[in-house]
Number of protein chains: 2
Amino acid sequence: MKREKLRSERSAAPTLEDVAREAGLSPMTVSRALNNPAIVRPATVARVMLAVEKTGYIPNMLAGGLASRRSKLIAVVVPQINNNMFVDTIQAISDTLAQRGYHMLLCVGGYGSDSEAALVATLLSRKPDGIVLTGIHHAPALKKRLINAALPVVEIWDLTPTPIDMLVGFSHEKAGNLSARFLLSKGHRRFGLLWTSDQRALLRKQGVIDILQQHNECRFVEASVGLPATMRLGREGMQALLAGNPELDAIICSSDTLAQGAILEAQSQGIAVPQQLAVMGFGDLDFAACHLPAITTVAIDRWLLGQEAATMLANKIEGITISDPVRDLGFWLCERQSA
Amino acid sequence: MKREKLRSERSAAPTLEDVAREAGLSPMTVSRALNNPAIVRPATVARVMLAVEKTGYIPNMLAGGLASRRSKLIAVVVPQINNNMFVDTIQAISDTLAQRGYHMLLCVGGYGSDSEAALVATLLSRKPDGIVLTGIHHAPALKKRLINAALPVVEIWDLTPTPIDMLVGFSHEKAGNLSARFLLSKGHRRFGLLWTSDQRALLRKQGVIDILQQHNECRFVEASVGLPATMRLGREGMQALLAGNPELDAIICSSDTLAQGAILEAQSQGIAVPQQLAVMGFGDLDFAACHLPAITTVAIDRWLLGQEAATMLANKIEGITISDPVRDLGFWLCERQSA
DNA sequence: TTGTAAGCGTTATCAC
DNA sequence: GTGATAACGCTTACAA
């Protein structure tokens, strides 16, 4: 009686109880029919569906999540989204998650690990069923909190034998090694490194430098640009590199975006790529293959990365055994025209 | 007694009650100290903070949202995110929302309005405090549902005098008009339209065509490419256009990405841009200004769009008066080198 | 197969 | 300024 009064007073989002009344069943049966129809008599399910239709019922997952301790929510933390590198991965996560009945809470956290910790704390208050973190460097307090909460975690875009929980990524150092070896094998010896300063990019740079330093006749200079890496920054950085170092014969960039800018800057200065100067990128972004000259780069499967991350998470949440909690997706060289 | 047993049995996410016990206060006082410290004695607030620290308490917003009917959650529906056009807007929304204490539930819905309706239905079950929808064309059932739920809605990236609730965007037709007028004023008469097929792009195309058809001496041909628009598609589409139509003197593209592809294809065929062929894009994506030649395009403030959308939504939710529920952000021509 | 009772962790509301 | 009580809308656990 009292409840019915309340219901009509509010503008009425119908509840399970309304549906139950409409169907002449108990709320619990309606709940079952909706969440686990297999254990309800088909005729009853049909009656429920009819009542749902009639009332325009939409479940309240705040209530459902509170009661069941399963929110069907996955938190995703990335440093940036206006960065072609991450976007495909995010979309893959979103797609895969949607297929499995989860929603994605997306947080753009920047590159600071302090801010990340604060951010994740607010995210945890949503009681997500799992969380995706970019990179493997996180504030110790954050790690502890996650482990404490026994929350399924996937770290992405990086590699370590000791993830918080699960991981899917690749070795940035080795990707850097590959780029350096490739250019060395092509006979280049005077390198310019055009680089942004995010953690993973710096790992790749280290990978490059490690190889270059093994060659005595080999020299390199660096130019660093800010975040996010844009084509403009690529041009500017290239300008800086070329200004003081006319002897350069190869440029390695931390991303294809920078490489594109570098190539354009070279062209605008009348320097032929790759004849006079080789330029190499990273990421195999969609424009790399059809640029002029096509950009030689190192590719990774960004989409698969997101798909795997989401799948691992959903599996773990649902108690499906995960064959290997650390997935190394690797990378491969795309030799094209620019180097 | 019974409760305390339960608490220790589980792996213990501490609750308000645990904090209250620690602080020697009632849960209600702790809740107040956390959500509205102004009405609690400062000394009490301090005690609460200490207890929060000690217990490692993280609020449960599922419970909070259920009780208060405010989820502090905003649902955002976009057709794509691996599309440079939307990404800045999404990041702006995310940033602005975060500053105001909201989280973003991001859903990638594709371009179908049926799937959008289904998707929004699942989103509504999260009881978001507001929702951002891309475009103004939505399934009637969806519109009804939203109006029924009395949910604050912002439609973005489009313009109409009759939004569901609020809107921030610009007129695609008029943007199309502008492009066409500009190229006509430059003396071009033989146009190629290189276009994707999403709704908003088609509006811009119509805007172009409307102007072109007012000129008797003016002719145009079209090439359409799929979604998402990539540089590769730009090159392919351009190839198709050039193949059958050597007389073209200007190409208008539905986006800068396509324009970039078009320019490259022209260059690779030895056609000088803009001397032999003018190419114009749309969006003023970050590479447009520093491309070679720099791409002439129509710019809109994608970041502001997101910021405004988020701000309007947060204001409406918090009862702050909104001066104008329909914000036309306009657009402007960026005359550069390619046309 | 269906129903009943008791929470889930918070906040609104009304006392004190 | 602080506390007790009753929701919020759903699901778990158990009974029928």
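None of these values were measured; they are calculated from a predicted model. Letters A, B, ... mirror the listed sequences (proteins, then strands); counts begin at 1. Basis for what follows: all heavy atoms, side chains included, without hydrogens, waters or symmetry-related copies.
- Looking at heavy-atom distances under 4.0 Å, B:Pro59 makes contact with sugar-phosphate atoms alone, never a base.
- The side chain of B:Thr44 lies closest to D:dG1, out of D:dG1, D:dG9, C:dT10.
- We find that CG of A:Leu66 is positioned 9 Å from P of C:dT10, with the value rounded to whole Å.
- Distance, B:Lys72 NZ to C:dT11 C1': 15 Å, rounded to whole Å.
- One distance of note links CG of A:Leu313 with OG1 of A:Thr96; it measures 11.0 Å at 0.5 Å rounding.
- The shortest distance between the side-chain N/O atoms of A:Ser31 and the OP1/OP2 oxygens of D:dT11 is below 4.0 Å.
- Rounded to an integer number of Å, the gap from A:Leu25 CG to D:dA16 P is 20 Å.
- Between A:His138 and A:Ile164, some side-chain heavy-atom pair lies under the 4.5 Å cut-off.
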Does A:Thr311 form a side-chain contact (heavy atoms from CB on, under 4.5 Å) with A:Arg100? I'd like the steps, not just the answer. CA-CA 9 Å; A:Thr311 302; A:Arg100 308 256 323 225; 4.0 Å; yes
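- Straight-line distance from the CG atom of A:Leu16 to the P atom of C:dG3: 12 Å, rounded to whole Å.
- In A:Glu318, the CD atom is crowded: over 12 heavy atoms of neighbouring residues, nucleotides or ligands sit closer than 6.0 Å.
- Side chain of B:Ser26, nearest nucleotide from D:dG3, D:dA13, C:dG9: D:dG3.
- Ranking C:dG3, D:dG9, D:dC10 by closeness to the A:Arg32 side chain, first place goes to C:dG3.
- Candidate nucleotides C:dT2, C:dG9, C:dG7 were compared by shortest atom distance to the side chain of B:Asn60, and C:dG9 ranks first.
- In this structure, the salt bridge (Lys or Arg N to Asp or Glu O under 4.0 Å) partners of B:Asp88, at least two apart in sequence or on a different chain, are B:Arg302.
- Rounded to an integer number of Å, the gap from A:Asp18 CG to D:dC8 C1' is 14 Å.
- If you take CZ of A:Arg69 and P of D:dG9, they are 20 Å apart, rounded to a whole angstrom.
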Could you go through the side-chain contact (heavy atoms from CB on, under 4.5 Å) check for B:Leu304 and B:Val168 one step at a time? CA-CA 10 Å; B:Leu304 181 62; B:Val168 41; over 6 Å; no
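- No side-chain heavy atom of A:Gln307 sits less than 4.5 Å from a side-chain heavy atom of A:Thr89.
- Within the structure, a side-chain polar atom (N or O) of B:Arg70 is placed less than 4.0 Å from OP1 or OP2 of C:dA12.
- Between the P atom of C:dT2 and the CZ atom of A:Arg41 lies a distance of 5 Å, rounded to the nearest Å.
- If you measure from atom CE of A:Met28 to atom P of C:dG3, you get 11 Å, rounded to the nearest angstrom.
- Rounded to 10 degrees, the angle between the two end axes of the helix from C:dT1-D:dA16 to C:dC16-D:dG1 is 30°, with five pairs used at each end.
- Looking at heavy-atom distances under 4.0 Å, A:Ser68 makes contact with sugar-phosphate atoms alone, never a base.
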